[in-house]
Amino acid sequence: MSVFAAIVSEPFLRYAFIAGAAIAAASGLSGYFVVLRSQVFTGDALSHVAFTGALAALAAGADLLVGLYGACVVVALAMAALGARGRADDTVIGIVFAWILGLGVLFLSIYTTSAGGSNGVSGVNVLFGTIFGLSAAQAVIDTAVAACVCVVLVVIARPLLFASIDEAVARARRVPVRLLGAVFLGMVGITAAAATQAVGALLLLGLLAAPAGAAQRLTARPFRGMWLSVAFAVLSLWAGLLIADAAPTIPPSFGILAVATGTYLAAIALTAKRKPA
Amino acid sequence: MNATTSGLSWNLVADVRQLFLFSFMVNAFRAGTIVAVVAGALGWFMVLRRQAFAGHTLAIVSFPGAAGAILLGISATVGYFAVAIGAALVIASVPRSIGGTTRSSESAIIGTVQAFALACGALFVSLYGGFLSGLTNLLFGSFLGISPSQVIVLLAVAGAALAALALIARPLFFASVDPDVAAARGVPVRLLSSLFLVLLGCAAAEVSQITGALLVFALLVMPAATAQLITARPMASFWLTIAIGLIVVWLALAAAYYSVYPVGFFVTTIGFVAYGLAAASRARAARSSRRRLMAQPAGGIA
């Protein structure tokens with residue numbers, strides 16, 4: 001019970017729990033569609049873009065959030081545009097993000113050499129997240145942004161589901177497939193930027209993929225799967241935070257990812273027993 | 001001393017000689033050459049099999065491998081190879097063909113493996129404590145301080161991996177181009193695919209010792225994709241891949257030597273420029289051949 005008292009009394013824990021829950025809900029929701037549409041690799045690419053965007057902003061002396069959100073949304077929309085002429089293929093995505101990551105390394109080196117030695121820390125923070133370091137303003141922004149992403153996704157959920165499962169029929173029924181795809185990738189970009197602050201650029205893929213993968217293992221019904229994915233994501237995040245709070249040597253990102261991976265493993269074990277593949 | 005090491009001059013021969021003045025640069029070039037050949041050979045098959053995502057994950061898991069090995073006090077090289085091969089086996093054990101939903105669940109599993117591996121890396125680093133400059137080297141590579149014994153290990157593993165690849169190259173090519181027909185002809189497609197992933201893991205572990213875990217992928221994917229854009233003939237594009245890989249690595253090492261910026265940046269940028277040039281010239285060729293077709297009088301297409 002002392003944990004809950006601490007959450008109420010310690011502001012940094014409160015921010016982490018509230019903003020974290022909003023971010024996790026957005027990740028779980030968009031992750032469900034990412035997995036359904038087989039765009040996990042795109043999510044992977046966006047996570048690397050987040051790193052470069054944040055460090056570009058730092059190297060230019062601007063606010064980290066500007067670079068983070070700007071880079072993620074622009075690249076997400078660019079990928080949607082590439083995908084319009086046939087799906088952007090994994091190799092092209094891979095080449096583009098490998099290069100963007102290379103740019104990120106350049107910005108990291110410019111930033112660390114220009115602003116003194118100890119600044120390697122912020123590069124590491126971008127990579128692995130600093131959920132306990134969220135300021136009040138950041139927490140409010142992240143919560144609001146993540147809540148907006150959730151609302152937009154819930155609003156477009158039904159046509160997006162249709163377009164994801166049977167694109168040709170959806171197109172024939174006048175569902176704006178391309179527009180939906182672009183809006184969706186934009187939402188994934190925003191989610192990636194928000195999640196970078198929670199679990200870090202390198203690990204946000206787990207928050208997108210693991211809860212959604214577990215939910216899709218457990219149920220084939222789309223809306224139930226969606227909510228299940230959200231629930232798994234939020235619970236993993238909270239459990240991870242509690243673990244990290246109890247054992248200070250464990251980084252919160254590891255706790256969150258460990259719980260999410262455990263959930264996925266449990267889902268695999270459960271379904272494997274139910275119907276041997 | 002300052003005069004001989006003060007950077008680029010217009011005398012190209014002197015520049016190249018200066019590049020090889022120090023033994024650490026000679027070692028870096030040796031290691032870079034080995035790594036470029038291995039990455040090119042396995043990357044070529046990776047691009048052909050459209051396993052870019054699996055390749056990226058194998059590349060990334062070398063980071064927790066090395067961090068864990070350092071935490072346990074054993075050699076980082078051991079950690080690189082052990083974890084990359086382990087992850088390759090995990091990915092290979094995922095069933096690839098049951099119904100239509102497998103592709104999406106396969107990618108969800110790969111993504112989870114990757115994120116969890118990185119989280120483990122973060123944990124090891126945090127447990128080890130005070131390790132920040134080492135961390136950026138693990139992630140983004142450093143060509144300084146490659147020891148001669150490391151070059152020998154790289155060479156031995158590269159030789160073994162390439163020999164194994166040469167043994168399975170023909171059936172693997174068949175299985176990659178048309179898995180159904182290959183399976184029908186009795187080629188062990190599943191076994192080949194697992195073997196290939198293990199070899200890819202070895203290659204990723206090798207490359208990550210030079211470029212760092214995050215940039216291995218550039219050397220795996222960029223030369224191969226460029227070569228496959230330039231020519232569709234398998235043998236020609238295979239050798240072209242290795243040639244492009246070597247040029248990219250050599251140029252990047254030279255550029256990194258003469259500048260303050262990290263080698264990873266130069267590897268990715270030179271590779272990307274090569275791919276961009278190939279894509280642009282291909283698009284131009286396609287456009288001009290289309291124009292020629294249009295310009296021909298009717299009757300060209302009966």
Side-chain angles (χ1 to χ4, degrees), chain A residues 35-41 43-44 48 89-106 108-110 112-113 120-121 123-124 127-129 199-200 202-210 212-214 216-217 249-251 253-258 260-261 264 268 277, chain B residues 47 50-53 55-57 60 63 95 98 101 103-116 118-123 125-127 129 132-133 135-136 139-141 212 214-215 217-222 224-226 228 260-262 264-269 271-272 275 279:
Chain A
V35 173
L36 190 69
R37 295 164 68 89
S38 300
Q39 288 184 319
V40 181
F41 196 52
D44 191 8
H48 292 74
D89 134 47
D90 272 8
T91 308
V92 177
I93 297 178
I95 286 172
V96 171
F97 88 71
W99 178 57
I100 287 181
L101 195 60
L103 283 183
V105 179
L106 175 71
L108 177 68
S109 116
I110 291 176
T112 44
T113 46
V121 179
V124 174
L127 286 173
F128 296 111
V199 292
L202 289 181
L203 309 182
L204 70 89
L205 185 63
L207 212 49
L208 283 177
Q216 291 194 354
R217 279 251 162 192
T249 48
I250 295 178
S253 309
F254 174 78
I256 296 167
L257 263 291
T261 310
Y264 196 3
I268 290 176
Chain B
V47 171
R50 314 220 160 271
Q51 286 187 315
F53 193 27
H56 182 227
T57 301
I60 275 198
F63 160 60
I98 332 162
T101 55
R103 242 197 78 72
S104 65
S105 77
E106 185 196 5
S107 64
I109 290 174
I110 296 177
T112 309
V113 168
Q114 177 185 334
F116 184 65
L118 282 168
C120 289
L123 174 72
V125 169
S126 145
L127 289 179
L132 273 181
S133 65
L135 175 63
T136 41
L139 289 174
F140 299 119
L214 291 183
L215 299 174
F217 188 60
L219 268 188
L220 283 175
V221 76
M222 282 169 169
T226 309
Q228 292 190 7
V260 297
Y261 297 119
F265 165 67
F266 291 109
V267 168
T268 52
T269 301
F272 186 70
Y275 180 77

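In the text below, chain A, chain B and the rest are named by the order of the sequence lines, each starting its count at 1.
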Which atom of [X] lies closest to which atom of [Y], heavy atoms considered:
{"X": "B/A119", "Y": "A/S253", "result": "CB-O, 4.4 Å"}
{"X": "A/P251", "Y": "B/L123", "result": "CD-CD1, 3.5 Å"}
{"X": "B/F53", "Y": "A/D44", "result": "CE1-OD2, 3.2 Å"}
{"X": "B/T268", "Y": "A/A98", "result": "CG2-O, 3.3 Å"}
{"X": "A/L203", "Y": "B/A115", "result": "CD2-O, 3.4 Å"}
{"X": "B/Y261", "Y": "A/S109", "result": "CD2-OG, 3.3 Å"}

(request) Assign the ring pair A/F97 / B/H56 to parallel, tilted or perpendicular, where the plane angle (0 to 90°) is split at 30° and 60°. (result) perpendicular
(request) Name the orientation class of the two ring planes belonging to B/F217 and A/F41 (parallel below 30°, tilted from 30 to 60°, perpendicular beyond 60°). (result)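 It falls in the perpendicular class, over 60°.
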How long is the straight-line distance from [atom2] of [Y] back to [atom1] of [X], given to the nearest 0.5 Å?
{"X": "A/I95", "Y": "B/T226", "atom1": "CD1", "atom2": "OG1", "result": "5.5 Å"}
{"X": "A/L103", "Y": "B/T269", "atom1": "CG", "atom2": "OG1", "result": "5.5 Å"}
{"X": "A/I268", "Y": "B/T112", "atom1": "CD1", "atom2": "OG1", "result": "8.0 Å"}
{"X": "B/F116", "Y": "A/F254", "atom1": "CZ", "atom2": "CZ", "result": "5.0 Å"}

(request) Let me know if A/A210 has heavy atoms under 4.5 Å from chain B in its side chain, its backbone, both or neither. (result) both
(message) Please classify the contact between A/A258 and chain B as side chain, backbone, both or neither, with a heavy-atom cut-off of under 4.5 Å.
(response)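 Both backbone and side chain.
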(message) Heavy-atom pairs under 4.5 Å with chain B - which of A/V96, A/L101, A/L204 has more of them than the others?
(response)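 That would be A/L101.
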(message) Can you tell me which of A/T249, A/L208, A/I256 forms the most heavy-atom pairs within a distance under 4.5 Å of chain B?
(response) A/T249
(message) Looking at chain A, which one of B/P262, B/A218, B/G264, B/A225 has the largest number of heavy-atom pairs inside 4.5 Å, strictly under?
(response) B/P262
